[in-house]
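Quick notes on the structure that follows.
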Amino acid sequence: MKRLTWFNVTALTLGFAFLYIPIVILVIYSFNASKLVTVWAGFSTRWYFELLSNEAFLNAAWVTLKVALASSTAATVLGTMAAYVMVRGGRFFGRTLFSGMIYAPLVMPEVITGLSLLLLFIAVGLERGIFTVVLAHTTFSMCFVSIVVSSRLATFDRSIEEAALDLGCTPFDAFRSVTLPIIAPAVISGWLLAFTLSLDDLVIASFTTGPASTTLPIRIFSSIRLGVSPEINALSTILIAIVTVGVITASLVSKRAIVRQRAEEQRADAT
């Protein structure tokens, strides 16, 4: 194991400071009593209460949550199906075109994706709203789910699935009873990734949203253009707290599962 040198410690400290000091300052100034975000006027929680009474932010948060849940679920289903076809489908006519269309959003700028979807919705006469944003986010995040799931399917032991088929299962029953539970961690990871991408998206949503379906990133961006409000700091602090709690909870659950698995292995070895 390599020893820590002064250079490594300094580089590590500067790196973490560059990443997290702005976040710490944002959290501190969310409790600022002043309307000016750069002038400290004492400790206060007024901006949190004003944020809870701000109908514009609350409606935008609700729209964002609905869009993220719907688009991530649809992207997970479609991405899992696409990954299964890519890994298990073998060679078929149009495979290259199919894989290229799946992976295109990964390398295509979001501006082009958003503009092309906007022109498509206008051409078919589809009114922009929550539904169009869900379609756009599903199209964008499906490729990420497909990559995560296909990487798990590529290392999947097919002999287990073949054993289920030999015992009388239909291909669908084998997938539902054997394959899906094994690749479930990858499917869940893909859903979480798609959910995060939908929550964070600004560019594609700005092209495909309507007046009554403004998402939270668009609302925040519009507010910041007129000047940073302390309510933005309060909102950002709440989001940071939610993410922190989620990460800690996932870490504890994962650690508990590892401990339980080791205990079961020890009992199995003892018997």
Side-chain angles (χ1 to χ4, degrees), residues 19-20 22-27 29-30 37 47-76 79 104-122 126-145 189-247:
L19 291 174
Y20 292 107
I23 298 178
V24 173
I25 294 175
L26 182 146
V27 173
Y29 274 88
S30 68
V37 295
W47 303 114
Y48 288 90
F49 292 101
E50 292 193 10
L51 177 64
L52 295 177
S53 61
N54 192 324
E55 292 294 334
F57 279 111
L58 293 179
N59 292 335
W62 176 239
V63 169
T64 302
L65 185 60
K66 290 191 295 184
V67 169
L69 289 173
S71 63
S72 59
T73 303
T76 301
L106 286 173
V107 297
M108 188 178 299
E110 293 185 9
V111 175
I112 297 178
T113 303
L115 181 59
S116 61
L117 289 171
L118 172 62
L119 296 177
L120 174 64
F121 296 149
I122 294 175
L126 190 60
E127 184 178 357
R128 285 178 293 167
I130 295 179
F131 181 65
T132 55
V133 180
V134 170
L135 289 179
H137 284 185
T138 301
T139 304
F140 171 69
S141 57
M142 184 183 68
C143 59
F144 294 91
V145 178
S189 299
W191 186 90
L192 292 174
L193 181 59
F195 184 81
T196 304
L197 290 172
S198 179
L199 286 179
D200 185 62
D201 178 68
L202 171 65
V203 178
I204 296 178
S206 63
F207 281 97
T208 58
T209 190
S213 57
T214 303
T215 60
L216 189 58
I218 296 177
R219 179 66 63 184
I220 294 174
F221 181 73
S222 301
S223 301
I224 291 177
R225 291 179 64 183
L226 301 176
V228 180
S229 170
E231 293 182 15
I232 303 298
N233 292 347
L235 177 61
S236 302
T237 302
I238 293 175
L239 294 177
I240 293 171
I242 293 174
V243 172
T244 303
V245 171
V247 171

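Contact annotation: the side chain of Tyr48 approaches that of Ile238 to within less than 4.5 Å [non-hydrogen atoms, C-beta and beyond]. Here the side chains of Pro217 and Asp200 are not in contact, with every heavy-atom distance at 4.5 Å or above. Side-chain contact between Leu193 and Val145: absent, with no pair of heavy atoms (C-beta onward) separated by less than 4.5 Å. The closest side-chain heavy-atom distance from Ile130 to Val134 is below 4.5 Å.
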Expected list for residues 109-118: side-chain donor-acceptor pairs under 3.5 angstrom, two or more places apart:
from, atom 1, to, atom 2, distance (Å)
Thr113, OG1, Pro109, O, 3.3
Ser116, OG, Ile112, O, 2.9
Ser116, OG, Thr113, O, 2.8

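Rounding to the nearest 0.5 Å gives a distance of 7.5 Å between OG of Ser223 and CG of Asn54. Note that the CG atom of Leu199 and the CG atom of Leu65 stand 7.5 Å from one another [nearest 0.5 Å]. Taken from CD1 in Ile23 to OG in Ser236, the straight-line distance is 10.0 Å, to the nearest 0.5 Å. Atom CD1 of Ile242 is separated from atom OG1 of Thr237 by 11.0 Å, given to the nearest 0.5 angstrom.
Residues that satisfy the side chain to side chain donor-acceptor pair (under 3.5 Å) test with Thr139, not counting sequence neighbours, are absent from this structure. Ser198 is linked by a side chain to side chain donor-acceptor pair (under 3.5 Å) to Ser71, His137, counting only residues two or more places apart in sequence or in another chain. For the ring pair (Phe, Tyr, Trp, His ring centres under 6.0 Å) test, residues two or more places apart in sequence or in another chain that qualify with Phe144 are Phe140. In this view, Leu126 and Phe121, Val124, Phe131, Thr132, Leu135 satisfy the side chain to side chain contact (heavy atoms under 4.5 Å, CB included) rule, not counting sequence neighbours. Remark: Phe57 pairs with no residue by the ring pair (Phe, Tyr, Trp, His ring centres under 6.0 Å) rule, at least two apart or across chains. Among residues two or more places apart in sequence or in another chain, the side chain to side chain donor-acceptor pair (under 3.5 Å) test is passed with Thr214 by none. Considering only residues two or more places apart in sequence or on other chains, Ala60 meets the side chain to side chain contact (heavy atoms under 4.5 Å, CB included) condition with Leu216, Arg219. Evaluation of the side chain to side chain donor-acceptor pair (under 3.5 Å) rule for Asn233 yields no partner, not counting sequence neighbours.
Of the candidates Thr138, Thr209, Thr64, Val133 forms a side chain to side chain contact (heavy atoms under 4.5 Å, CB included) with just one, namely Thr209.
The minimum heavy-atom distance between Ala75 and Ser141, with the atom names listed, is CB-OG, 3.4 Å.
For residues 50-71, every residue pair satisfying the salt bridge (charged side-chain N to carboxylate O under 4.0 Å, His left out) rule, not counting sequence neighbours, is listed here: Arg46-Glu50. The ring-ring contact (aromatic ring centres under 6.0 Å, His included) contacts involving residues 194-235 comprise Trp191-Phe195, where partners must be two or more places apart or lie in separate chains.
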